[in-house]
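One structure is given below, encoded as structure tokens.
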Amino acid sequence: MIYYLPKILDPLGRIYFFNPAFPNDMLLSAVKSIFEKNIKRMENRSIPSFNIIGIAIRTSNQNNQAAKDIPELWARFFENDIMNRIPNKVSNELYCVYTEYERDHTLPYTTLLGCKVAHLDDLPEDMDGIRIEESLYHHVEAEGNLAAGIVYDAWLNIWEAGLPRAFSADFEIYGEEAQNPEQAKVDIFIALQ
């Protein structure tokens, strides 16, 4: 006799099998704890327009190009002291913006790394600026060790989630809670249609 155990896929893609002999409340409790542990908050919210100044690169997820380009962008950002050169900053939170998608995340797009600013009037020649228009966003929190790939893992889940994405401007915010890379919290916002 073959038994097929019910399985549940958690937000990080792990599969859990449950014995049907367990009481339903035990199963529900186990499922609830899995989801509460891995996703602290997922919600949709409207975010008003804002401006970002920083440096940008055109990249693609094809052939792992973004895995090479985006770390190089971060290195250039810090090596050239871009954060301290951005005019009219309204905060020191670091934004990593994904925009100018050709169609979706599988084709080329632009990544801009910078800070929120009051306006784009004083854009330095060696920097780029973008105005992100008001939109509805799906909010995900990635928590844990940055070196373990928590942000990349979150994106893997986002790509597979079937969200009605707008592919206008998605962004990550590295704020005060991201300063300890071993226990970081990064907010990710996905523009929705």
* Structure fact -> For A56 and T110, the nearest pair of non-hydrogen atoms, with its separation, is CB-CG2, 4.0 Å
* Got a sec: does the CD of E72 have more than 12 other heavy atoms crowding it under 6.0 Å? -> yes
* Got a sec: does the CD of E182 have more than 12 other heavy atoms crowding it under 6.0 Å? -> no
* To do: Using a cut-off of 6.0 Å, state whether more than 12 heavy atoms not belonging to Q183 lie near its atom CD.
  => no
* Whether Y98 and Y109 hold their rings parallel, tilted or perpendicular, with breakpoints at 30° and 60° -> perpendicular
* Polar side chain donor-acceptor pair, N51 to H119, under 3.5 angstrom -> no
* Asked: What are the two closest non-hydrogen atoms of I82 and G54, and how far apart are they?
  -> CG2-CA, 4.4 Å
* Asked: Is Q179 atom CD crowded by more than 12 heavy atoms from other residues, nucleotides or ligands, each under 6.0 Å away?
  -> yes
* Asked: How are the rings of W159 and Y152 set relative to one another: parallel (under 30°), tilted (30 to 60°) or perpendicular (over 60°)?
  -> perpendicular
* Can you tell me how far CD1 of I55 sits from CE of M83, rounded to the nearest 0.5 angstrom? -> 11.5 Å
* Count the heavy atoms belonging to other residues, nucleotides or ligands that lie under 6.0 Å from CD of E160, then report whether that count exceeds 12. => no
* Write down the atom of F77, the atom of G114, and the distance for their closest heavy-atom approach. => CE1-CA, 3.9 Å
